[in-house]
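See below for the structure under consideration.
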2 protein chains.
Amino acid sequence: MDTRSEAEIRADLNYLFDKASQVLTSRTAAALAAVGITPRGYCVLAKAQPGTLTQGELAELALLDKTTMVVTIDQLEAAGLARRQPSPTDRRVRIVQTTEAGDQVVAQARKIMDEVYAEVLGGLPDGERNSLLDALVRLVGPAGPLHAAPPVASARRRPSRPVRS
Amino acid sequence: MDTRSEAEIRADLNYLFDKASQVLTSRTAAALAAVGITPRGYCVLAKAQPGTLTQGELAELALLDKTTMVVTIDQLEAAGLARRQPSPTDRRVRIVQTTEAGDQVVAQARKIMDEVYAEVLGGLPDGERNSLLDALVRLVGPAGPLHAAPPVASARRRPSRPVRS
DNA sequence: TATTGTTATACTCTATAACTATA
DNA sequence: TATAGTTATAGAGTATAACAATA
């Protein structure tokens, strides 16, 4: 049972976002497992559908680090949902394309996500639901106060041992 | 630069919550470092101020696992901000109390958090800011669709090797 | 037997640094 | 020199399982 007053809960924006993110992620992960994809995999795969974006561009779109993107594409490729295509003009870059299976999974996943979102947001009054989404987009979107943000040069990690591959 | 349409961004609720949580957490962590406490530590320490709650009750309040609470209280205790007091009526439980230093840190931290929240939410129109908070409280609060939620019995970990302490 | 707190450990996500191959 | 992608690894956050003390 939650014994805190609503005023106290309201004051804790960080807590609200953390829990919302955490619970929604675990819920979407459970729902998407039915079609064999993770929330992050779906997020990336759906954005790759144009078939023209490089890994770096996808990373920027999804606000993921390039190293996270490598792992994500590895998984999607192993599952047969995406493939890396060497760029004809720059042999360093890889264009990410969805496979037919990948497109099917995206379509199924999109439905699943729509259902989950409808369940989650269904209880809110229309006006509040729209305000919530507007506010989130404003906060997180480009130029918003929560867009990316490694501003404070905080504690550096200690250097790792040299790589001996 | 974010080249997605606003409609596409709006459709991705999970993404919005993830990024909001992630960026706000890193921002509050940087701000709170000035008074030597983490966002989670502050969250727990502030809730412990009544001085009557057990670790388990605190864990429930903060929606943290009891094992996470052990680690958190360990840190707060090591920093001299909280102490574990054995319950006079049940020798299994530990009452968590804040120290004087802890109360001071909470007061300072509260100011810092208020400032960060004001910066983050300041750009939103009044109505939208209120709707955002109302909606979040409704979603995450007790009885909300995002309150706790390990409903789907998903993949179990493999058992760990027996503990030999 | 059940519960509180603890320890050990596992898993996920994210990020830093060094590295390879190109440009 | 600089950039795209890769590998190895660090670190935070969270959670499961086994355990000890107590109820």
Side-chain angles (χ1 to χ4, degrees), chain A residues 14-15 17-19 21-23 25-26 29 38-41 43-44 53-60 62-75 77 84-96 148-150 153-165, chain B residues 14-15 18-19 21-23 25-26 28-30 33 38-41 43-44 53-60 62-75 77 84-96 148-150 153-165:
Chain A
N14 207 159
Y15 170 97
F17 279 140
D18 279 357
K19 297 310 161 190
S21 161
Q22 209 172 306
V23 175
T25 297
S26 96
T38 63
R40 199 182 60 202
C43 178
V44 168
L53 298 173
T54 68
Q55 281 188 214
E57 288 166 345
L58 275 175
E60 205 174 3
L63 293 186
L64 295 173
D65 191 82
K66 62 179 181 169
T67 61
T68 307
M69 187 55 62
V70 170
V71 176
T72 308
I73 305 289
D74 282 351
Q75 291 164 349
E77 209 167 30
R84 291 170 162 103
Q85 210 68 31
S87 160
T89 63
D90 184 338
R91 290 198 301 183
R92 289 174 306 180
V93 316
R94 316 291 192 87
I95 309 293
V96 179
S154 55
R156 292 262 99 105
R157 290 197 322 171
R158 69 185 167 80
S160 56
R161 279 169 291 153
V163 176
R164 299 278 168 248
S165 62
Chain B
N14 206 159
Y15 170 96
D18 280 357
K19 296 310 161 190
S21 161
Q22 211 172 303
V23 174
T25 297
S26 96
T28 55
T38 64
R40 198 181 60 202
C43 178
V44 168
L53 298 172
T54 68
Q55 281 189 213
E57 288 166 345
L58 274 175
E60 204 174 5
L63 293 185
L64 295 174
D65 191 82
K66 63 178 180 169
T67 60
T68 307
M69 187 54 62
V70 170
V71 176
T72 308
I73 304 289
D74 282 351
Q75 291 163 351
E77 207 167 31
R84 290 170 163 101
Q85 210 66 31
S87 160
T89 63
D90 183 339
R91 289 197 301 181
R92 289 174 306 179
V93 317
R94 315 293 192 86
I95 309 292
V96 179
S154 55
R156 290 263 101 102
R157 288 197 324 172
R158 69 184 168 79
S160 57
R161 278 168 293 153
V163 176
R164 300 278 166 248
S165 63

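The sequence lines fix the lettering, A, B, ..., with proteins before strands; numbering per chain opens at 1. Predicted, not measured: the structure shown is a model, and the values here were computed from it.
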Rounding to 0.5 Å, atoms OG1 (A:Thr72) and CG (A:Asp65) come to a distance of 10.0 Å
Nucleotide nearest B:Thr68 (side chain, heavy atoms from C-beta), chosen from C:dA18, D:dA15, C:dA15: D:dA15
Return whichever of A:Glu57 or B:Val71 has its heavy-atom-nearest nucleotide of DNA chain D closer to the 5' end. A:Glu57
A side-chain contact here means heavy atoms from C-beta on lying under 4.5 Å apart; do B:Val93 and B:Gln55 qualify? no
Compare the minimum distances between each of C:dA23, D:dT14, C:dT6 and the side chain of B:Arg94, then state the nucleotide with the smallest one. C:dT6
Donor-acceptor pair under 3.5 Å: do we get one between A:Thr67's side chain and the base of C:dT16? yes
Decide, yes or no, whether a salt bridge links A:Asp74 with A:Arg84 under the criterion of side-chain N to carboxylate O below 4.0 Å. yes
In this structure, how many angstroms lie between the P atom of C:dT3 and the CD atom of B:Gln55, rounded? 18 Å
Closest to the B:Val70 side chain, choosing from D:dA23, C:dT22, C:dT7: C:dT7
Can a donor-acceptor pair be found, under 3.5 Å and without considering hydrogens, that links the side chain of B:Lys19 to the backbone of A:Leu63? yes
Could you tell me whether A:Val93 contacts a base, only the sugar-phosphate backbone, or nothing, with contacts defined as non-hydrogen atoms closer than 4.0 Å? sugar-phosphate
Mapping A:Ile95 and A:Gln22 to their closest nucleotides on DNA chain D, which lands nearer the 5' end? A:Ile95
Of all the choices, C:dG5, C:dA21, C:dT4, which nucleotide is nearest to the side chain of A:Arg92 once you look at every atom? C:dA21
Roughly how many Å is it from CD in A:Glu60 to C1' in D:dG5, rounded to a whole number? 15 Å
Taking CD from A:Gln75 and C1' from C:dC13, how many angstroms apart are they, rounded to a whole number? 11 Å
Of the candidates D:dG5, C:dT14, D:dT14, the side chain of A:Arg40 sits closest to C:dT14
To the nearest angstrom, how far is B:Lys66 atom NZ from D:dC19 atom P? 14 Å
Which heavy atom of A:Tyr15 sits nearest a heavy atom of B:Cys43, and at what distance? CD1-SG, 4.1 Å
Value in whole Å for how far the C1' atom of D:dT14 lies from OH of A:Tyr15: 15 Å
Expressed as a whole number of angstroms, how long is the span from A:Asp65:CG to D:dG11:C1'? 14 Å
Over how many whole Å does the gap from A:Asp18 atom CG to C:dT14 atom P extend? 13 Å
Side-chain donor/acceptor contact of A:Arg91 with base of C:dT22 under 3.5 Å: no
First encountered from the 5' end of DNA chain C, between A:Asp90 and A:Leu64: A:Leu64
Measure the distance from CG on A:Asp74 to P on D:dT7 and round it to the nearest whole Å. 7 Å
